[in-house]
Amino acid sequence: MLRKGITESFGAAIHALNTSQLTDGVINRSKRMMLDTLGVGLIGSTTAVFNKALKYSQLFHSEEKSSVWGKSGTSLPPHYAAFVNGIAVHSMDFDDTWHPATHPSGAVLPALLALAEALPSRPSGLDLLLAFNVGIEVQGRLMRFSREAYNIPKRFHPPSVVGVMGSAAASAKLLGLSPAQCSHALAVAASSAGAPLANTATQTKPLHIGNAARRGLEAAQLAQMGLEGNPAILDMDCGFGIYYKDYSPYAMSDSTAGGFNWILEDQDVAFKRIPAHLGMHWVVDAALAARAKLEAVMTFDLSQIRSIKLKVPPSKYINCPLPTSEHQARHSFQFNACSALLDNKVTVSSFSEAQINRTSLKELLSKVKVETPDDNKASFDKMYCEVEIETSGGQCFWARCDTFYGHWRRPLSHVDLVEKFRANASTVLSSEGVEGVIDAIGNIEMMQECSSLGSYVRMTRNLNEEL
Amino acid sequence: LFSVLQKTIRPVWAVRGVHMSAVEVMKRPAPEDTVTASFGRFISEVKPRHLSSVVLQRSKRMLLDSIGVGLIGSTTEVFELALQHCQHMYAPDDISFVYGRKDTRLSPTLAAFVNGVATHSMDFDDTWHPATHPSGAVLPAVFALSDMMPANNKPSGLDFLLAFNVGIEIQGRLMRFSNEAQNIPKRFHPPSVVGTMGSAAACARLLSLNESQCSHALAIAASLSGAPMANAATQSKPLHIANAARLGLEAALLASRGLEASPLVLDEVAGVAGFNAFYEDYIPRPLESPSDGGCMFLLEEQDMAFKRFPAHLGMHWVADAAALVHKLLVGVGSGTVSPAHVQEILLRVPHSKYINRPFPESEHQARHSFQFNACSALLDGEVTVQSFTPSAIRRPDLLEMLSRVRVEHPHDNQANFNCMYGEVQVTLVGGDILKGRCDTFYGHWRNPLTNESLRKKFRNNAGAVLHSDNVEQLIEVVEDLDRLEDCTPLLSQLQ
């Protein structure tokens, strides 16, 4: 199929988009995304995978240094800061999710903040916001090039496909590259895209986001130095099209004058309330509702439960009857339903090794049966979950969740979003740091230059300080 | 871990009405039986004594060619760009050498990166069947890692050769998992798919990682594999090899620190793609453990092709065919070939979009153009490194010849380096028709370069940046590598 000018149109748009085209709606939504991403990255800096990546990254040295979120005495070369911070963001599967499905912010924000700290003249808050939105927009556009992207993935992990492209676009924007250089940044990034789904639900998954951030930044910097790739990378089936079975790209319209229709304006993101795959949020809300119905009639007693039936969409990689690791647990309908039923809540601590290995939980898990009804589509826009508890007395308690609280159709309130941030950030930051970040993001469009943000994410708690 | 799980399930199994989902877990293969685990086991258990003399001989030829190609590659623009990028982004780190730059060192993964760029920068490096460029993805990583190891604990020459061969073997094995890999690629550039895995395997071997760590190195590498064909024939292509080397090393280093990934990455799990994400058809097979009485490396059965000039492998067929016609033309006339005598040039070549370029505009495009290479060979009698300079590309004579070319894709000419052929048919102005055909170019695995020819190529390449004494010493030390207690003599020639 002969297509022309699509890559060129992306390069031109990335170059030309300016701050006056940011609408109030988009500014508001993207600030929420930035805050959530920072919080999730901060708590993520306590994970084992983050620490492994940090130790590895400390092999590298450079003159320019960028902050490592949640670490007061540590800095890294910008690429590696983007790498480890990206890993932190995705380490607990707690970061934002969009439709079509990907985790857009984790691939972009770490790269931008790392780059901003390394630039000779610090960008303003608005510059940062603009670059961030460019990175999100490009990801959204690319996912709309195929029908395959609309369903829960099977081959490539979406953040590894579109995330690196978003990071390249955002970095190119912040660097002020020419339209041709922006196109080449995308082309070079395309050669760094694509990681297989099999590594999700393992310790390596967060590296998909970490690498997307790092290598997108790298692509933009190589393009700045004159490296060229295929100028029709988005146009060709053997270009970006290789990651999809069906591929129909289209150009970005000329955005030099007038308004710009940001995808984020029409399609919001979902924020997670629990650190687990998005699908788990439906089953948890349904399980909690089913338990509430049971408790309206009798006391909850584990031994009285005969069976639990889950009706979920078909998806191999989140159907795990007996998870043995934290990563598997975050990707298990069965585990999350049972945790919710057993504890009447699912929180950050539900995924610790001790909690996963509880005999009471395993006993409950053995009673679970999973069904995948034909009308339950593997799409975050259409799926539902049903939980049915059958007691030994023969009574049934049933609940269904179509839209969990935090989904884009039912967004988290501002208060709840900030509350999530505080809970996350205060695991590593002092209260000055916590409030400082909330403030800085809240007023980002007014900030002349954003170095204060870098300082706040490094204001760690005194180890002796009480929680 | 799995056996513990089975113990906890057993009492449940005894209860009536156990649910299907729990049974599913028990049906999964025991970890030791997976293809992924067999690869991990092979890498960790294979020993130098498993290398036969044929494999040693062939891999030393690959080593020499790859070093030479990397050295001349250090004179290219893209190499300079990549090096500047690494030096700009990172402070000097006095660890691993850089081809052609005596006083420059970088941290190991960055050195692997720039040396990988050098190796593939001119499309002059080795090619295997099924198609990939195996050495460039592995050697830079093995060199960088060797430099990283302490001075009193460097690998022996045999350890070095073993790691290198493991990296090659893993690539060969992985490509045999699919039919798609047998033909000239359309979607993913093969070095970016199997190269990263090979590099991870080689580095895991050199680091002496245990079986489980070796498997995880491969799995981590899988998440770093895969780049689109569209970037081949652009300035970015060398980065595919470079990143394969760098990221494979990174995967092994991360695995050595305990990072874990999918234990089923090479196996086929319905609904969740692992390494098979990169292929339309995929049938994995386990690697036999080397301790079971001997071990056959693929390199023993399937030799390597070395290029005589820096262009895509397909070009070598048409160049050799055109050279035959050139000889006929020169024999007939004045000693030079003039486009004025030529009415039409017909090329009969396999169908492959990315090496069919009627009027290439850059050096990269010229290296990937049947038309350009045929016409260069018709004019000059051969294609050399100099055939791709800007002035050579823009010669009026050449452009005139190019305008007379017509291309046909006969049905029997398959896009496969094992069966393709190249035919050049020139119709002269007077009406005479001269034909040349090449089934197997000199340098192909069926018609390998002699040691003499290989060394001549190396001398031309290495001599572009090194002193001739240095060049001869390198030839000697590679020849003696399997007898060296310590690979330092090889490393020091390149520092």
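Below, chains carry the letters A, B, ... as their sequence lines are ordered, and counting in each starts from 1.
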Enquirer: For each of B/S192, B/A230, B/P108, tally heavy-atom pairs with chain A at distances under 4.5 Å, and name the one with the top tally.
Expert: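 When all of B/S192, B/A230, B/P108 are compared, B/A230 has the most.
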Enquirer: Within this structure, what is the CG-CD1 distance for the pair A/N211 and B/I220, rounded to the nearest 0.5 Å?
Expert: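 Reported to 0.5 Å precision, the distance equals 10.5 Å.
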Enquirer: Let me see the working for B/L239 and A/L227 under side-chain contact (heavy atoms from CB on, under 4.5 Å), right down to the final yes or no.
Expert: CA-CA 10 Å; B/L239 269 70; A/L227 183 69; 3.7 Å; yes
Enquirer: Taking the side chain as everything from C-beta on, heavy atoms only, tell me whether B/E280 gets closer than 4.5 Å to A/K245.
Expert: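 When only atoms from C-beta onward are counted, A/K245 and B/E280 do touch, with a gap below 4.5 Å.
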Enquirer: Which answer fits A/A190, side chain, backbone, both or neither, if we ask what part of it has an atom under 4.5 Å from a heavy atom of chain B?
Expert: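 Backbone plus side chain of A/A190, per the 4.5 Å heavy-atom cut-off to chain B.
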Enquirer: Is chain A contacted by the side chain of B/L247, its backbone, both, or neither, given a heavy-atom distance below 4.5 Å?
Expert: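 It is the side chain, since no backbone atom gets that close.
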Enquirer: Take A/E228 and B/K237, measure what salt bridge (Lys or Arg N to Asp or Glu O under 4.0 Å) needs, and give me the verdict at the end.
Expert: CA-CA 10 Å; A/E228 301 189 345; B/K237 186 186 187 193; over 6 Å; no
Enquirer: Parallel, tilted or perpendicular, judged at 30° and 60°: which one describes the rings of B/F188 and A/F156?
Expert: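 Correct class here is tilted.
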Enquirer: Atom OH in A/Y56, atom OG in B/S256: separation rounded to 0.5 Å?
Expert: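 One finds 9.5 Å between OH of A/Y56 and OG of B/S256.
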Enquirer: If every non-hydrogen atom of B/P228 is compared with every non-hydrogen atom of A/G239, which pair is closest and at what distance?
Expert: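 Scanning both residues, the minimum pair turns out to be CB-O, 3.2 Å.
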Enquirer: Just how far is it from atom CD of B/Q235 to atom CG of A/L222, taken to the nearest 0.5 Å?
Expert: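 Rounded to the nearest 0.5 Å, the CD-CG separation comes out at 10.0 Å.
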Enquirer: Compare all side-chain heavy atoms of A/K52 with those of B/L254 and state whether any distance is below 4.5 angstrom.
Expert: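 Sidechains of B/L254 and A/K52: no contact.
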Enquirer: Hey, mind stepping through A/K154 and B/V272 against side-chain contact (heavy atoms from CB on, under 4.5 Å) and telling me if it holds?
Expert: CA-CA 5 Å; A/K154 288 186 188 172; B/V272 183; over 6 Å; no
Enquirer: NE2/B/H240 to OG/A/S192 distance, rounded to the nearest 0.5 angstrom?
Expert: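 One gets 8.0 Å once the value is rounded to the nearest 0.5 Å.
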Enquirer: Should A/E218 and B/H85 count as side-chain neighbours, where that means a heavy-atom distance under 4.5 Å?
Expert: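 Side-chain contact under 4.5 Å: yes.
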Enquirer: Does a side-chain heavy-atom distance below 4.5 Å link A/L59 with B/S107?
Expert: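 A/L59 does not reach B/S107 side chain to side chain.
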Enquirer: Report the option among B/T109, B/L110, B/L253 that has the most heavy-atom pairs separated by less than 4.5 Å from atoms of chain A.
Expert: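 Of B/T109, B/L110, B/L253, B/T109 has the most heavy-atom pairs under 4.5 Å with chain A.
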Enquirer: Tell me, out of B/F278, B/Y354, B/F275, who's got the most heavy-atom pairs with chain A below 4.5 Å.
Expert: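 With the most close heavy-atom pairs to chain A, the winner is B/F278.
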Enquirer: Within the supplied structure, the quantity of interest is the number of heavy atoms (other residues, nucleotides, ligands) at a distance under 6.0 Å from A/E326 CD; does it exceed 12?
Expert: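 Correct, the count exceeds 12.
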Enquirer: If I compare all heavy atoms of A/P196 with all of B/A277, which pair ends up nearest, and what's the gap?
Expert: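 Here A/P196 and B/A277 meet closest at CB-CB, 4.1 Å.
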Enquirer: Could you report the tightest heavy-atom contact between A/V188 and B/S236, atom names first, then the distance?
Expert: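 Closest approach of A/V188 to B/S236, heavy atoms only: CG2-OG, 3.6 Å.
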Enquirer: For a quick test of reading the model, state the closest non-hydrogen atom pair linking B/A227 to A/S191 and the distance between them.
Expert: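 Scanning both residues, the minimum pair turns out to be CB-O, 3.3 Å.
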Enquirer: Can you tell which part of B/Q84 gets under 4.5 Å to a heavy atom of chain A, answering side chain, backbone, both or neither?
Expert: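 Both parts, heavy atoms under 4.5 Å.
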Enquirer: Which value, rounded to the nearest 0.5 Å, describes the distance between A/N230 atom CG and B/N231 atom CG?
Expert: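 A/N230 atom CG to B/N231 atom CG measures 6.0 Å (nearest 0.5 Å).
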Enquirer: Which atoms of A/H208 come close to chain B, meaning under 4.5 Å heavy atom to heavy atom: side chain ones, backbone ones, both, or neither?
Expert: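 The side chain, not the backbone.
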Enquirer: Could you check whether B/E250 pairs with A/R214 (Lys NZ or Arg NE/NH1/NH2 to Asp/Glu carboxylate O, under 4.0 Å)?
Expert: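 Looking at A/R214 together with B/E250, the answer is yes, because their closest N to O distance falls below 4.0 Å.
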Enquirer: Should we count CD of B/E77 as having more than 12 external heavy atoms under 6.0 Å?
Expert: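 No, not enclosed.
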Enquirer: Do the charged groups of B/E260 and A/K205 touch, with an N to O distance under 4.0 Å?
Expert: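 So B/E260 does not pair with A/K205 through a salt bridge.
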Enquirer: If only atom types and distance count, is the side chain of A/R155 paired as donor or acceptor with the main-chain N or O of B/A273 below 3.5 Å?
Expert: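 Absent.
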Enquirer: Considering only heavy atoms and a distance below 4.5 Å, find which of A/H184, A/Q221, A/E64 pairs most often with chain B.
Expert: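 Highest number of pairs under 4.5 Å: A/Q221.
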Enquirer: A/L207 versus chain B, heavy atoms under 4.5 Å apart: side chain, backbone, both or neither?
Expert: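 Side chain only.
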Enquirer: Does the side-chain contact (heavy atoms from CB on, under 4.5 Å) test come out yes or no for B/V265 and A/T202, once each step is laid out?
Expert: CA-CA 11 Å; B/V265 74; A/T202 76; over 6 Å; no
Enquirer: Would you check if there is a donor-acceptor pair between the side chains of A/N199 and B/S223 at a distance under 3.5 Å?
Expert: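 Yes.
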Enquirer: Can you list the steps and then say if B/L106 with A/F60 is a side-chain contact (heavy atoms from CB on, under 4.5 Å)?
Expert: CA-CA 10 Å; B/L106 294 171; A/F60 302 90; over 6 Å; no
Enquirer: Taking all non-hydrogen atoms of both residues, which atom of B/L81 and which atom of A/M225 are closest, and how far apart?
Expert: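 Nearest pair, atom of B/L81 first, then A/M225: CD1-O, 3.5 Å.
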